[in-house]
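We name chains A, B, ... by the order of the sequence lines, and we start the count at 1 in each one.
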Amino acid sequence: MNLFTDFGSRIKNVLESLDIVRENRSELDFSRISVESPRDASHGDVATNAAMVLAKPLGTNPRALADQIVAKLKEDPEVAAVSVAGPGFINVKLSIAYWQKLLKVIVAEGTEYGKSAIGTGRKVNVEYVSANPTGPMHVGHCRGAVVGDTLANLLEFAGYDVIKEYYINDAGSQIDTLARSAFLRYREALGEKIGEIPAGLYPGDYLVPVGHSLADEFGTSLRIMPEDKWMPLVKERTIAAMMVMIREDLAALNVHHDVFFSERTLHADGAARIRNAINDLTFKGHVYKGALPPPKGQLPEDWEDREQTLFRSTEVGDDIDRPLIKSDGSYTYFAADVAYFKDKFDRGFNEMIYVLGADHGGYVKRLEAVARAVSGGASKLTVLLCQLVKLYRDGEPVKMSKRSGDFVTLRDVVEEVGRDSVRFMMIYRKSSEPLDFDFAKVTEQSKDNPVFYVQYAHARCMSVFRQAGEAFPDIDFATVDLAGAIEGNISDSNELQLVAKLAEYPRVIEAAALSHEPHRIAFYLYDLASAFHAHWNKGKDAHELRFVNDKNGELTIARLGLVRAVASVLKSGLSITGTAAPDEMR
RNA sequence: GGUCCCAUAGCUCAGCAGGAUAGAGCGCAGGAUUCCUAAUCCUGAGGCCGAUGGUUCGAAUCCAUCUGGGAUCACCA
């Protein structure tokens, strides 16, 4: 049940019943009508701009039209009061009975409350993380992983059919480098002294166990093979080992993908699928042979004019045409991307979302160009760029260098800070905004740490249930009909304010899903937690507002219905963010 | 030089498909616990929403230009 869509349709019904609207119905655009909660609660519970939006096309003035709408709205038994304010806002005050009905629904729906149907029938592919399988995940991957995972959860909650996907970049030259690095560790495992790892190879210790398992499997046989013989064998094992490690890293963050898509499968059988994709583009007239103009501004030292096979992406919105086949005849990374997109398109997704780091900003236009050319506009591609995360320790920036192997791994961060804190902090900011992540602040279990604030609110809800159980040993609050007691008992304005906050949840879900902004969930949860803590504290002064009233079991049951509603929305939202809703925090 | 992101309180940031008197946390000043967990709450001070134009009943929000900060540019993956 969604308060705003409910009243949206009531208001539309009222409009349709007005003569002036019926006579001009075809010229009116109802989509610009908004139904929302007024910024200032004293204005009422629901406000609409309908009169202002429609007055002009109807050739009347907003106040006059508003008066007509108000007269009709007053007939609604669930409307307590209606007024016109300012330039023509219509403010509606809901009856207490309406709030009680809404609260009953929320209690009954539990963690199902807030689910939406806006995504019904839409298949969405969310691709995120997609780190190269050349080592453990480092902290830089964190944000994209959490944002992507949360967005996918959110879309699923909003009714979309969602696939979480990971694109394994296991085909490029960095994989050859990885295999050579592993081969060195293999020789080391056989007892050879390898000394310092040569520049250009991956120095990390995480390849040591791979060397050992290669030695266990192959003995000394690889050592006497030429590189082109051992390379595929070593590559295969090493990638597999890296992916095991990466999956463990992701699991530590509570991130789980449905599909791991290997780039190598595109290159298999003489790159059949890449050729197929290029043929498809060629057939549609997007491919030609030619040379690119040199880049504007500073000319690279080694610039050479070469003929390549190019994608005419400028015709579909890109700034420059993009190479598909290099001058030596091999395929570019981008060519594989085209084939990968085509694969997704053929799998029937209506929308593909790519969650990428800000350093891929330059890649966005060409991906969009691919989507237009391959799908002919039938499929939507959205790129969500996450700005960089700056790490701090006690206010000092943490320096990292991937080359020297001196970087903070994702696992380190999760172990030091905790999964929930990492996840929540990573979305507690718009993703288009850079993010400062300070270990000291995030570890602190109090101020500056919104996740504890929200989780504490949930734990406090559970605590109220425990307290109520002690006050009323005869009542089983886990099974009693909480919703049934609400009517007639929940009517205090402080309580109704809390219900109003709960009423926003479905709207927040829809807005966040449509705009691909998972951070809104985190901010909403913080707000809700704040409203709950505030109400809880009022019980200190005003004992009659306490949830547990040991002289009135029925009232207590009703108020526990409110607490249950708050708890289940908190739990629902926290589960979208992938964090726990603890029953107690001691 | 091109492209993308950003600019809101002293600091870090929200601002809900353009709406009414622009919000929160931190910090600062004060206060609340015999009482459901003080990991909490309440009160106060603090603003030319980077600048200039435009769109309209109405702009922090949309468009253009400018200024300032960040990212990126290549047959690399």
N/O donor-acceptor pair under 3.5 Å between A:Thr577 side chain and A:Leu574 backbone: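 Here the side-chain-to-backbone pair exists.
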Measure from [atom1] on [X] to [atom2] on [N] and round the result to the nearest Å.
{"X": "A:Glu517", "N": "B:C5", "atom1": "CD", "atom2": "P", "answer": "13 Å"}
{"X": "A:His535", "N": "B:C41", "atom1": "NE2", "atom2": "P", "answer": "14 Å"}
{"X": "A:Leu528", "N": "B:A24", "atom1": "CG", "atom2": "P", "answer": "17 Å"}
{"X": "A:Arg32", "N": "B:G58", "atom1": "CZ", "atom2": "P", "answer": "12 Å"}
{"X": "A:Ile521", "N": "B:G15", "atom1": "CD1", "atom2": "P", "answer": "12 Å"}
{"X": "A:Glu36", "N": "B:A20", "atom1": "CD", "atom2": "P", "answer": "9 Å"}

Of A:Ser173 and A:Asp541, whose closest RNA chain B nucleotide lies nearer the 5' terminus?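 Final value for this comparison: A:Asp541.
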Could you tell me whether A:Phe311 and A:Tyr288 have their ring centroids closer than 6.0 angstrom?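 Centroid distance A:Phe311-A:Tyr288: not below 6.0 Å, so no.
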Using the C1' atom on both, measure B:A64 against B:G46 and round to a whole Å.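 That atom pair is separated by 34 Å.
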For nucleotides B:A9 and B:G47, find the distance between their C1' atoms and express it as a whole number of Å.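 B:A9 and B:G47 have their C1' atoms separated by 6 Å.
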Measure the acute angle between the ring planes of A:Tyr428 and A:Phe523, then classify it against the limits of 30° and 60° as parallel, tilted or perpendicular.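 Ring orientation, 0 to 90° scale: parallel.
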With a 4.0 Å cut-off on N to O distance, would you call A:Glu495 and A:Arg559 a salt bridge?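 Looking at A:Arg559 together with A:Glu495, the answer is yes, because their closest N to O distance falls below 4.0 Å.
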Sequence-distant partners of A:Phe261, ring pair (Phe, Tyr, Trp, His ring centres under 6.0 Å), two or more places apart: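 With sequence neighbours excluded, A:Phe261 shows a ring pair (Phe, Tyr, Trp, His ring centres under 6.0 Å) to A:Tyr340, given in chain and number order.
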For A:Phe89 and B:A20, are the ring centres under 5.5 Å apart with planes inclined under 30°?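 One would call A:Phe89 stacked on the B:A20 base.
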Can A:Arg460 be said to sit on top of A:Phe532's aromatic six-ring, NZ or CZ under 6.0 Å from centre and within 45° of the ring axis?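 No, a cation-pi geometry is absent between A:Arg460 and A:Phe532.
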Runs of at least three consecutive Watson-Crick or G-U pairs, both distances under 3.5 Å, are what I'm after; which ones involve RNA chain B?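 Runs of three or more consecutive pairs: B:1-7 with B:67-73, B:10-13 with B:23-26, B:28-32 with B:40-44, B:50-54 with B:62-66.
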Give a yes or no on whether a donor-acceptor pair under 3.5 Å exists between the nucleobase atoms of B:A14, that is its base, and the side chain of A:Asp527.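 Donor-acceptor pair under 3.5 Å: no.
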